[in-house]
Amino acid sequence: MTTIPDVPQRHIANSTLRRLDDNVIRTANPEQNRHLTDEYGTLKNIRAVDHGWETALKQVFPHPSDEKSAVVPDMGIGKEALEAAMEGATPRGRKAMKQVLCTVQHVLGVEYCPMLPDVAAVLLNCMPESYAYATIREMIDCPGTYLNLSRIDHYAWCKAFSDILKRFYPQTFSDMESIGATSPDGLDPICKRFFVGLLQRKHVLRVMDMYTIEGTKLIFRVGLALISLYKKTMKNMAIKDSTSWWNQIREFTHSPNFHFNTVLRRAYNLHGSNLRRRIRFPRRRIIQRMVKLNEPWAEDHAPREVYVAPPKPLGFVENNKIPLKLAQNAAVRAHLAQWLPIHLRSTKLDVIFSTDCHGRSLGSFYEECRAAKHTVTLVEVLDTGDVIGMYASQKWRVNNQIYGDGECFLFTMAGDTPKCYKWDPNDYSLEENEKDEALMEEFMIGRRNYLAMGGGADGTCGLRLNEDLTRAESATVPCFSNEPLAGRNLTEFDVGLVEVYRFVREVDGKGIDGGDSDRVWNFPG
């Protein structure tokens with residue numbers, strides 16, 4: 001069983017993290033000079049590694065509430081196996097696991113990697129989060145050597161293990177195949193769990209030490225060695241399923257008579273029951289070729305499950321001039337990321353108007369928002385403290401005409417189930433009331449004495465703010481088929497804080513709407 005204790009201090013674990021990191025860096029970058037890779041785990045490089053980690057962590061968790069509300073990705077192994085990987089961890093260890101896996105998912109773009117949770121847990125036993133993340137990043141940048149990043153790769157890799165097992169021990173393969181222990185799911189203790197459920201903790205750490213040098217080939221070696229050592233004993237047992245098979249292996253490996261060095265001698269020297277025969281283990285390139293040839297098989301047998309990760313909360317730009325308040329809560333930004341158009345889900349929020357800084361004036365509202373085409377307006381309901389708002393797809397401006405389009409929407413963060421109300425022309429039958437046809441496209445309304453989104457036949461609005469931004473109203477309108485945003489019994493209410501946000505790119509922090517300074521060509525006229 002692997003546990004994640006408090007992350008060790010750097011001066012305690014420096015020799016271990018240097019060895020593991022150097023091994024991975026050297027394997028992942030064979031073209032680099034030896035002295036360059038040897039420097040990676042030294043104190044000289046600690047600042048660079050820590051800075052990279054802090055930058056990535058800030059990108060994923062811009063506010064403490066983001067980390068608190070984040071869900072640890074299971075990387076394809078399921079919630080139960082993920083919990084098993086973190087079993088026995090201290091609160092600090094669980095926090096480290098969450099930080100590393102969430103950062104790998106959102107910064108490196110990894111959604112499926114079944115061996116990663118246990119690999120991360122083992123690494124966090126002997127190094128701080130920054131070096132664990134750096135090591136995993138290098139593993140991911142070396143495809144085919146350490147980790148499988150797709151279901152097809154995982155199934156093809158498991159098939160390659162079964163093929164080698166069949167070649168070395170055909171009778172044992174036949175026995176295991178009959179109980180389902182050679183299928184990708186049957187090989188989970190080796191190919192998903194990194195031997196965590198089979199070996200003692202101290203032996204798992206030794207496997208990790210060798211794994212950083214050899215990569216997945218080491219998994220093949222140790223896995224076959226374990227099977228070969230106990231294949232005769234297992235054959236005499238009436239084992240009927242793969243779970244019982246691996247449980248029996250676990251009993252052997254946790255017994256007082258077990259010696260891990262015996263496994264290593266078998267893994268690196270002799271294969272097969274005939275000690276006079278030395279079988280050459282396939283080289284890494286041969287294994288990679290076998291995995292490649294098994295991809296068509298994997299495509300036919302891998303389940304067609306589509307994993308849709310929940311959208312990451314929108315980040316935000318820290319603005320010293322205009323403090324951000326209503327969007328600090330990660331839950332608000334997470335729901336906005338879910339509701340916004342796809343092209344805005346990988347952006348950051350940048351506050352451009354706040355009644356705390358610009359005063360309660362509709363004129364100031366229009367002035368500060370004049371250059372932003374896409375904006376989110378957050379409104380605090382003073383009576384309840386809830387946050388409601390609207391997304392505008394065009395610039396807010398004074399205009400006698402109705403403007404905006406079907407991308408506009410209203411939303412409320414009140415209660416336990418925040419709701420979004422989007423435009424759907426199919427919800428309204430024009431045949432029933434043709435004279436109200438125009439109401440279905442009454443999106444944005446900008447006047448000198450009020451602004452609103454959505455209009456009703458009786459003069460009500462989906463959300464309306466008065467000219468001094470102190471009072472608001474919200475009612476059901478045909479355009480959005482919404483409930484009153486502040487509650488059924490609160491159609492008119494006092495307004496607290498009002499904030500407006502534009503969207504900026506994560507890469508360079510520039511507004512997505514651009515401007516004259518962003519144009520490549522400036523033609524006259």
Side-chain angles (χ1 to χ4, degrees), residues 4 7 17 20-29 32 37 40-41 45-46 48-62 66-67 69-77 81-82 85-86 94-124 127-154 157 192 194 208 211-212 215-216 306-315 330 333-334 337 342 345-348 505-509:
I4 314 171
V7 179
L17 68 87
L20 297 180
D21 246 358
D22 285 357
N23 290 343
V24 175
I25 297 299
R26 195 174 299 122
T27 303
N29 302 276
Q32 289 190 5
T37 57
Y40 198 83
N45 201 49
I46 281 179
V49 173
D50 286 347
H51 176 72
W53 167 245
E54 291 170 2
T55 301
L57 203 61
K58 188 66 174 177
Q59 181 179 342
V60 179
F61 304 124
D66 290 80
E67 184 174 343
S69 63
V71 178
V72 183
D74 61 25
M75 295 295 170
I77 65 174
L82 177 64
M86 297 192 293
R94 285 181 172 270
K95 179 180 179 181
M97 191 75 162
K98 173 187 282 190
Q99 289 178 341
V100 170
L101 291 184
C102 287
T103 305
V104 168
Q105 181 187 46
H106 294 300
V107 176
L108 304 182
V110 177
E111 300 288 353
Y112 182 90
C113 186
M115 202 155 45
L116 182 57
D118 285 290
V119 168
V122 175
L123 290 175
L124 288 170
M127 61 177 65
E129 299 95 311
S130 58
Y131 267 83
Y133 172 71
T135 302
I136 293 171
R137 183 186 61 205
E138 294 297 330
M139 287 180 176
I140 292 172
D141 288 341
C142 194
T145 302
Y146 291 104
L147 301 169
N148 298 312
L149 303 179
S150 72
R151 199 177 298 274
I152 300 299
D153 290 343
H154 174 69
W157 187 66
K192 274 190 179 181
F194 197 73
M208 172 58 73
Y211 174 73
T212 57
T216 54
V306 179
Y307 172 74
V308 180
K312 182 187 71 171
L314 297 176
R333 290 180 280 111
I342 294 178
R345 294 178 182 176
S346 297
T347 58
K348 292 183 178 181
R505 296 191 293 257
E506 283 190 340
V507 177
D508 54 13

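When reading the values below, keep in mind they use all heavy atoms of this one structure, side chains included, and skip hydrogens, waters and symmetry mates.
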Next on the checklist: Within the 4.5 Å heavy-atom criterion, are E129 and T103 side-chain neighbours or not?
Outcome noted: no

Next on the checklist: Using 30° and 60° as the class boundaries, would you call the ring planes of Y146 and Y211 parallel, tilted or perpendicular?
Outcome noted: perpendicular

Checklist entry - Side-chain contact, heavy-atom cut-off 4.5 Å: H154 with M115? => result no

Item to check | Under 3.5 Å donor-acceptor, N148 side chain and S150 backbone | outcome: no

Item to check | Minimum heavy-atom distance M97-A120, with the two atoms named | outcome: SD-CB, 4.2 Å

Checklist entry - Taking all atoms of both residues into account, what is the closest heavy-atom pair of L82 and P117, and its distance? => result CD1-CB, 4.0 Å

Item to check | Pairwise distance OH(Y112) to CD1(I77) - rounded to 0.5 angstrom | outcome: 10.0 Å

Next on the checklist: Return the CD1 to CG distance between I136 and D141, rounded to the nearest 0.5 Å.
Outcome noted: 12.0 Å

Checklist entry - If every non-hydrogen atom of K192 is compared with every non-hydrogen atom of G76, which pair is closest and at what distance? => result NZ-O, 3.8 Å

Item to check | Partners meeting salt bridge (Lys or Arg N to Asp or Glu O under 4.0 Å) with K95 (sequence neighbours left out) | outcome: none

Item to check | Value rounded to 0.5 Å, distance of OG1 in T145 from CD in E138 | outcome: 12.0 Å

Item to check | Side-chain heavy atoms of Y133 within contact of Q99, under 4.5 Å | outcome: no

Checklist outcome for this item: In this structure, CD1 of I140 is separated from CG of L108 (nearest 0.5 Å) by 5.0 Å

Next on the checklist: Please determine whether side chain to side chain contact (heavy atoms under 4.5 Å, CB included) holds for the pair Q59 and T55, giving the CA-CA distance in whole Å, both sets of side-chain angles, and the decisive distance to 0.1 Å.
Outcome noted: CA-CA 6 Å; Q59 181 179 342; T55 301; 5.6 Å; no

Checklist entry - Who are the salt bridge (Lys or Arg N to Asp or Glu O under 4.0 Å) partners of E506, not counting sequence neighbours? => result K312

Item to check | CE on M139 to CG on L123, rounded to 0.5 Å | outcome: 5.5 Å

Item to check | Side chain proximity check, R333 to P62, heavy atoms < 4.5 angstrom | outcome: yes

Next on the checklist: If the condition is side chain to side chain contact (heavy atoms under 4.5 Å, CB included), which residues does K98 pass it with, not counting sequence neighbours?
Outcome noted: E67, A70, V72, C102

Item to check | M208 side, atom CE; T212 side, atom OG1 - distance, nearest 0.5 Å | outcome: 7.5 Å

Checklist entry - Does the side chain of W157 reach to within under 4.5 Å of the side chain of L147, using non-hydrogen atoms? => result no

Checklist entry - If every non-hydrogen atom of A132 is compared with every non-hydrogen atom of M127, which pair is closest and at what distance? => result N-SD, 3.4 Å

Checklist entry - Between L149 and D153, what is the shortest heavy-atom contact and its length? => result N-OD2, 4.2 Å

